[in-house]
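Read the structure below first, then the notes.
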There are 2 protein chains.
Amino acid sequence: MNVEKRKRLEAAGWRFGNAADFLGMTPQEEAYVELKLHLADALEAKRKANGLTQKGLAARLQSSQSRVAMMEKGDPSVSIDLLVRGLFALGMRRRELAKAI
Amino acid sequence: MNVEKRKRLEAAGWRFGNAADFLGMTPQEEAYVELKLHLADALEAKRKANGLTQKGLAARLQSSQSRVAMMEKGDPSVSIDLLVRGLFALGMRRRELAKAI
DNA sequence: TCATAGTATATCAGTCCTGATATATTGGCA
DNA sequence: TGCCAATATATCAGGACTGATATACTATGA
């Protein structure tokens, strides 16, 4: 499940989650959500490249499998901070992170 | 005040702020802090390029001048989320953000 | 020197994020 | 089909982040 295929669905979730604005997201909000989805996809890819399950990654992060699932779908309840820390925990460097963005 | 000049100072602040580990940061923690400092510097640069004061930027972000000051020094109490939202509010795009990282 | 704009530091209540738990769903294989 | 590992969804208490306020510091000009 990648950004492109999922974007509309996620965007809808965000839009109606933000009760304040039924007419859509501002460009800033959209940029923020897109960034998050890119990081989420990068996390899933990197996890699989490391041969880990969500549970396994959760252990490394001292978190739970359910939260990792949230992270990988770019859930609104997950911060960019958490995603970035997850990527670093999987051995990603700043250079590679920049590419994923 | 840029990343290179400030790194040691900030790092020290983080190290002793983290009471758990007096022997230094893990590579992940270090990567996280460095990323934050890069974003902080980018924010200051972008704000000045836009001819804004901290107070002016705070208004755009619906935040306060004091928080913007925190953001620009990469304070531990500031999240990457907030920094990123600040950069997007200043008109930065993902491409440019990637460069700043 | 004084005044002023700009920036930095300290503190705090309310909100959002986080890890945890429980449970449901999915996907692959025998 | 039935079983099992892996992933997804729902919920919540506790802690981290945020905006706000007050105040201190700094630099520049008159």
Side-chain angles (χ1 to χ4, degrees), chain A residues 1-2 5-6 9-10 12-14 16-20 28-29 32-33 36-37 39-41 43-89, chain B residues 1-2 5-6 9-10 12-14 16-20 28-29 32-33 36-37 39-41 43-89:
Chain A
M1 192 158 62
N2 66 28
K5 283 195 287 186
R6 201 183 41 195
L9 193 59
E10 290 296 331
W14 276 83
F16 300 121
N18 275 0
Q28 292 102 300
E29 284 174 338
Y32 176 81
V33 172
K36 201 140 115 176
L37 294 181
L39 293 175
D41 287 344
L43 184 72
E44 183 176 4
K46 194 78 179 172
R47 170 177 66 81
K48 289 180 175 170
N50 283 32
L52 285 173
T53 64
Q54 290 184 345
K55 198 172 178 181
L57 176 53
R60 278 205 202 180
L61 294 174
Q62 297 193 291
S63 181
S64 58
Q65 175 270 322
S66 61
R67 183 134 307 268
V68 172
M70 302 282 221
M71 289 165 80
E72 290 186 357
K73 86 183 186 72
D75 190 275
S77 82
V78 171
S79 74
I80 288 181
D81 286 62
L82 190 63
L83 286 167
V84 163
R85 289 202 302 271
L87 288 167
F88 285 151
Chain B
M1 192 157 65
N2 68 27
K5 283 196 286 186
R6 200 182 42 196
L9 193 59
E10 289 296 331
W14 275 82
F16 300 122
N18 275 0
Q28 292 101 303
E29 285 174 338
Y32 176 81
V33 173
K36 201 140 111 174
L37 293 181
L39 293 175
D41 287 344
L43 184 71
E44 183 176 3
K46 194 78 178 171
R47 170 176 66 81
K48 288 179 176 171
N50 282 33
L52 285 172
T53 65
Q54 290 184 344
K55 197 172 179 182
L57 176 54
R60 279 204 201 180
L61 294 174
Q62 299 193 289
S63 182
S64 58
Q65 175 269 323
S66 62
R67 183 133 308 268
V68 173
M70 303 282 221
M71 291 166 79
E72 290 186 357
K73 87 184 185 72
D75 191 275
S77 82
V78 171
S79 72
I80 287 181
D81 282 90
L82 191 63
L83 285 168
V84 163
R85 289 202 302 271
L87 288 168
F88 285 151

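Reminder, nothing fancy here: chain letters follow the sequence lines and each chain counts from 1.
Checked against side-chain contact (heavy atoms from CB on, under 4.5 Å), A:A58 has the following partners two or more places apart in sequence or in another chain: A:V68. With sequence neighbours excluded, the residues that form a side-chain hydrogen bond (donor to acceptor under 3.5 Å, both in side chains) with B:S64 are B:S66.
If you measure from atom CD of B:Q54 to atom P of D:dC25, you get 17 Å, rounded to the nearest angstrom. Remark: P of C:dA8 and CG of B:D75 are 11 Å apart, rounded to the nearest angstrom. Remark: P of C:dA5 and NZ of B:K48 are 19 Å apart, rounded to the nearest angstrom. Note: OH (B:Y32) to P (D:dA16) measures 13 Å, nearest angstrom. Here the C1' atom of nucleotide D:dT7 and the NZ atom of A:K73 are 12 Å apart, to the nearest Å.
Here the nucleotide nearest the side chain of A:A69, chosen from D:dA6, D:dT9, C:dT7, is D:dT9.
A donor-acceptor distance shorter than 3.5 angstrom exists from the side chain of B:K36 to the backbone of B:V78, with no hydrogens or angles considered.
In the helix from C:dT1-D:dA30 to C:dA30-D:dT1, the rotation axis of the first five pairs and that of the last five pairs differ in direction by 40°, rounded to 10 degrees.
Checking the phosphate oxygens (OP1, OP2) of C:dT7, a side-chain nitrogen or oxygen of B:R47 falls inside 4.0 Å.
Only one option out of B:I80, B:D81, B:L82 pairs with A:S79 in a side chain to side chain contact (heavy atoms under 4.5 Å, CB included); it is B:D81.
Across all non-hydrogen atoms, the minimal contact from A:Y32 to B:R85 is CD1-CG, 3.8 Å. Heavy-atom minimum distance, A:G74 versus A:A40: N-CB, 3.7 Å.
Within the structure, salt bridge (charged side-chain N to carboxylate O under 4.0 Å, His left out) contacts touching residues 45-65 of chain A (residues at least two apart or in different chains) are A:E44-A:K48, A:K46-A:E96, A:R47-A:E72.
Residues A:L61 and A:M71 form a side-chain contact, since some pair of their non-hydrogen atoms from C-beta on lies under 4.5 Å apart.
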Inset, instruction - Using a 4.0 Å cut-off on protein heavy atoms (strictly under), produce a 5'-to-3' string for nucleotides 18-30 of chain C with B for base contact, S for backbone-only sugar-phosphate contact, and - for none. - result: BBBBB--------
